[in-house]
Amino acid sequence: MANFSLSGRESLGIEFGSTRIKAVLVDCDCNPIASGDYTWENQLEDGIWTYSMEDAMVGLQSAYASLNEDCVAKFGSAITELASIGFSGMMHGYLPFDKNDNLLCPFRTWRNTITGEAAAKLTELFGFNIPQRWSIAHLYQAILNGESHVVNIAYITTLAGYIHWQLTGNKVLGVGEASGMFPIDSDTNDYNKAMLTAFADLDEVKRYDWSIKDILPRVLTAGENAGTLTEYGAKILDPTGKLKPGAVLCPPEGDAGTGMTATNSIAPKTGNVSAGTSIFSMIVLEKQLSGVHEEIDIVTTPTGKPVAMVHCNNCCTDLDYWVRLFSQLLQKAGSDISKPQLYDLLYQSALDGDGDCGGLINFNYFSGEPVSHVDDGRPMFVRAQGATFDLPNFMRSQIYSAMATLCIGMEILEKENVTIERLMGHGGLFKTPVVGQRLMAGAMKTPVSVMTTAGEGGAWGSAILARYAIDGGDMTLDEYLDSKVFADCKKTTINPDPDDSRGFEEYLAKYKAALDVQRVAGKCI
């Protein structure tokens with residue numbers, strides 16, 4: 001048992017990720033001291049990717065119970081009091097409620113690519129890119145579809161906003177997550193008034209009694225008090241009744257905002273790449289881009305600074321399936337190699353592959369990819385006659401596939417002369433030392449750093465934001481992160497290898513040329 005006891009001054013961060021709900025407890029200096037988690041999966045129901053809110057609540061309680069088990073094992077007691085709490089969740093999506101707080105349709109997640117018509121029309125209307133996963137695109141598509149639930153809408157929010165609402169009673173959202181519901185004006189850190197008016201003036205919107213500005217969550221920035229844990233909320237989080245109400249909550253954020261926080265990437269010219277079930281880059285801008293690009297989302301940091309985001313729906317899922325296949329083979333052969341060991345072995349083999357993967361091409365598309373204009377994806381591995389088909393090239397093609405679509409989007413930022421001085425990596429792709437980091441550096445042609453805390457992820461970022469809400473004082477979030485959280489944090493940096501960069505360029509050229517095959521696969525399979 002550690003020489004430490006819980007004081008009630010700790011802070012909690014909980015993040016609802018795509019495959020895992022993770023809870024992280026931190027001390028007064030933002031050091032992680034305990035953690036817990038719960039595994040869950042999305043379901044494809046009637047053509048829509050979703051999670052039930054019942055599962056979300058079970059997962060919330062289970063992750064918190066797992067955290068308490070860790071606390072009892074380490075400190076001899078469960079949590080009874082918290083100073084502050086932060087919630088985050090997979091970004092955006094669509095959760096509409098009626099005036100009696102009833103959910104009007106199943107949660108529509110970021111993974112869906114069913115709002116193309118709405119996203120295109122709103123992008124033209126606003127002169128501002130509206131991605132398919134944004135809440136306003138889902139709402140407008142439901143209107144265009146004539147869905148019956150729309151007339152009864154009284155409130156819409158995201159997963160993070162929903163959990164926060166249940167535990168505090170407050171219908172609010174952090175500005176970073178809010179920027180994926182509806183465009184934000186970074187001068188006011190609130191929804192863009194001109195665009196709210198333009199949307200409200202659409203003939204098909206005028207038919208409804210609700211006003212768009214009234215059904216969106218109130219926007220808050222990092223450091224603001226977003227409410228307190230109610231007695232009802234405490235019982236939701238901890239059904240055992242041990243947890244006292246009263247903890248301060250920070251504004252709920254999306255996984256993009258917590259990823260920026262957890263990698264200290266919220267200052268201009270900094271950026272991060274989050275690589276797990278999905279992959280996305282967040283580059284904090286010095287100034288707005290010169291034009292509208294449908295492949296680039298303009299969102300904000302938790303403090304409201306503009307961010308260029310390249311979001312891709314698919315990253316490591318296909319790779320995980322291949323590792324599972326190899327694991328089954330080894331089990332049949334009587335091997336007792338563990339899954340983490342197998343991941344390391346397979347990842348490391350990729351470094352021995354040819355720079356261009358020997359002519360092998362992999363598509364990791366479990367769903368559509370708006371960045372590469374693929375409506376309906378299919379995982380697919382192809383090779384030409386005469387290709388060098390061996391394990392190193394196969395694994396290198398898998399890892400390159402995980403980052404290829406991201407790099408297609410990043411090429412646009414390069415043409416916009418966006419400066420990136422520091423790029424941080426976090427997520428499953430970087431768990432094996434060196435491999436993902438080195439190949440990403442080569443693909444991006446930019447040094448990539450990974451912190452020793454990268455494995456703590458967005459839940460830790462949520463806990464940091466929760467701590468900032470009570471300890472930030474007069475410091476900006478940038479200052480707080482630099483002086484309080486990351487002053488002594490160790491990191492490793494890998495510079496791009498010219499051979500890796502040349503090889504990836506060759507691979508990406510073949511990948512782009514084969515995209516038509518992927519589009520046909522989505523129609524035929």
*If every non-hydrogen atom of Asp70 is compared with every non-hydrogen atom of Ser35, which pair is closest and at what distance?*
OD2-N, 2.9 Å

*Are Ile184 and Val175 close enough, and set up right, to give a side chain to side chain contact (heavy atoms under 4.5 Å, CB included), and what steps lead you there?*
CA-CA 8 Å; Ile184 291 289; Val175 64; 3.9 Å; yes

*With a 4.5 Å limit on heavy-atom distance, are the side chains of Trp134 and Thr115 in contact?*
no

*Heavy-atom side-chain proximity of Ile298 to Leu285 below 4.5 angstrom*: yes

*Assess the side chains of Thr221 and Glu224: does a donor N or O sit below 3.5 Å from an acceptor N or O?*
yes

_Looking at Asp478 and Lys305, is any side-chain nitrogen of the basic one under 4.0 Å from a carboxylate oxygen of the acidic one?_
yes

*asked:* Donor-acceptor pair, distance only, cut-off 3.5 Å: does the side chain of Asp238 make one with the backbone of Leu243?
replied: yes

*Begin with the C-alpha distance, continue with both residues' side-chain angles, and end with the deciding distance and a verdict on side chain to side chain contact (heavy atoms under 4.5 Å, CB included) for Thr317 and Asn364.*
CA-CA 7 Å; Thr317 302; Asn364 64 339; over 6 Å; no

*Are Phe16 and Tyr162 near enough that their ring centres are under 6.0 Å apart?*
no

*Electrostatic pair Arg111:Glu369 at N-O distance under 4.0 angstrom*: no

*Close side-chain approach of Val26 to Glu10, heavy-atom, < 4.5 Å*: no

*Residues in ring-ring contact (aromatic ring centres under 6.0 Å, His included) contact with Phe182, at least two apart in sequence or another chain*: Phe126

*Consider only side-chain N and O atoms of Thr493 and Ser449, and report whether a donor and an acceptor are under 3.5 Å apart.*
yes

*Do the side chain of Trp460 and the main chain of Cys30 share a donor and acceptor less than 3.5 angstrom apart?*
yes

_Intermediate values then yes/no, side chain to side chain contact (heavy atoms under 4.5 Å, CB included), Met451 and Lys490_ = CA-CA 6 Å; Met451 294 183 182; Lys490 295 179 181 179; over 6 Å; no

*asked:* Rounded at 0.5 Å granularity, tell me how far OG1 in Thr157 sits from NE2 in His164.
replied: 9.5 Å

*Mind checking the NZ-CG spacing from Lys235 to Leu229? Nearest 0.5 Å is all I need.*
11.5 Å

_Separation of Leu202 CG from Ile143 CD1 (nearest 0.5 Å)_ = 8.0 Å

_With side chain to side chain contact (heavy atoms under 4.5 Å, CB included) as the criterion, how do Met181 and Leu173 come out once you've worked through the C-alpha distance, each side chain's angles and the decisive distance to 0.1 Å?_
CA-CA 10 Å; Met181 290 199 77; Leu173 211 56; 3.4 Å; yes

*Is Arg20 salt-bridged to Asp37, cutoff N-O under 4.0 Å?*
yes

_For a quick test of reading the model, state the closest non-hydrogen atom pair linking His426 to Asn272 and the distance between them._
NE2-OD1, 3.0 Å

*Under 6.0 Å between ring centres, would you say that holds for Trp165 and Phe97?*
yes

*Please check if the side chain of Ser88 supplies one atom and the backbone of Gly254 the other of a donor-acceptor pair under 3.5 Å.*
no

*If a pair satisfies ring-ring contact (aromatic ring centres under 6.0 Å, His included) and one of its residues is in residues 241-288, list it, with sequence neighbours excluded.*
Phe280-His311

*Calculate, to the nearest 0.5 Å, the distance between atoms SG and CD1 belonging to Cys250 and Ile464 respectively.*
11.0 Å

*Do side-chain atoms of Glu253 reach the backbone of Glu177 as a donor and acceptor pair under 3.5 angstrom?*
yes

*Taking the side chain as every heavy atom from C-beta outward, state whether Gln43 and Trp49 have any pair of such atoms under 4.5 Å apart.*
no

*asked:* What I want to find out is whether Asp185 reaches Lys193 closely enough, with some N-O distance under 4.0 Å, to be called a salt bridge.
replied: no

*So, for Ile136 and Leu122, which heavy atoms are closest and what is the spacing to 0.1 Å?*
O-CD1, 3.8 Å

*Answer whether the closest heavy-atom distance between the side chains of Thr261 and Leu481 falls below 4.5 Å.*
yes

*Take Ser66 and Glu69, measure what side chain to side chain donor-acceptor pair (under 3.5 Å) needs, and give me the verdict at the end.*
CA-CA 5 Å; Ser66 174; Glu69 289 174 5; 4.9 Å; no

*asked:* If I compare all heavy atoms of Glu479 with all of Asp474, which pair ends up nearest, and what's the gap?
replied: OE1-O, 4.4 Å

*For Tyr94 and Ala142, which heavy atoms make the closest approach, and how far apart are they?*
OH-CB, 4.2 Å

*Okay, side chain of Asn192, backbone of Ala194: is any donor-acceptor separation there less than 3.5 Å?*
yes

*Presence of salt bridge, Asp320 and Arg324, under 4.0 angstrom*: no

*To the nearest 0.5 Å, what is the distance between CD1 (Ile212) and CG (Leu139)?*
5.5 Å

*If you draw a 6.0 Å radius around CD in Glu45, do more than 12 non-hydrogen atoms from other residues or ligands fall strictly inside?*
yes

*Is it possible for you to check whether Lys171 lies under 6.0 Å from the centre of the six-membered ring of Tyr155, through NZ or CZ, and within 45° of that ring's axis?*
yes

_Which residues pass the ring-ring contact (aromatic ring centres under 6.0 Å, His included) test with Tyr480, not counting sequence neighbours?_
Tyr468

*asked:* Regarding Glu15 and Thr258, do their side chains bring together a donor and an acceptor under 3.5 Å, going by distance alone?
replied: yes

*Are the side chain of Asn314 and the backbone of Ser367 linked by a donor-acceptor contact shorter than 3.5 Å?*
yes

*Roughly how far apart are Asn189 CG and Leu220 CG, rounded to 0.5 Å?*
10.5 Å

*Around atom CZ of Phe128, are there more than 12 heavy atoms of other residues, nucleotides or ligands at under 6.0 Å?*
yes

*Distance-only, no hydrogens or angles: does the Thr230 side chain make a donor-acceptor pair with backbone N or O of Gly233 under 3.5 Å?*
yes

*Does any non-hydrogen side-chain atom of Met440 lie less than 4.5 Å from one of Met403?*
yes

*Are Asp297 and Arg133 within salt-bridge range, i.e. N to O under 4.0 Å?*
yes

*State, yes or no, whether a side-chain contact exists between Leu167 and Leu237 at a heavy-atom distance under 4.5 Å.*
yes

*Are Leu82 and Ser11 side-chain neighbours, meaning at least one heavy-atom pair lies under 4.5 Å?*
no

*Taking Asn112 for its side chain and Thr109 for its backbone only, find out whether a donor-acceptor pair lies under 3.5 Å.*
yes

*Within the distance-only criterion (no hydrogens, no angle test), does the side chain of Ser84 pair as donor or acceptor with the backbone N or O of Ala466 below 3.5 angstrom?*
yes

*asked:* Counting neighbours of CG on Asp209 that are heavy atoms of other residues, nucleotides or ligands and sit closer than 6.0 Å, is the number greater than 12?
replied: no

_I need the minimum non-hydrogen distance between Cys28 and Asp471, along with the two atoms involved._
O-OD2, 3.9 Å

*When you measure from the side chain of Glu231 to the backbone N and O of Lys244, does any donor-acceptor pair fall under 3.5 Å?*
no

*Will you find, in the side chains of Tyr232 and Gln166, an N or O donor that is under 3.5 Å from an N or O acceptor?*
no

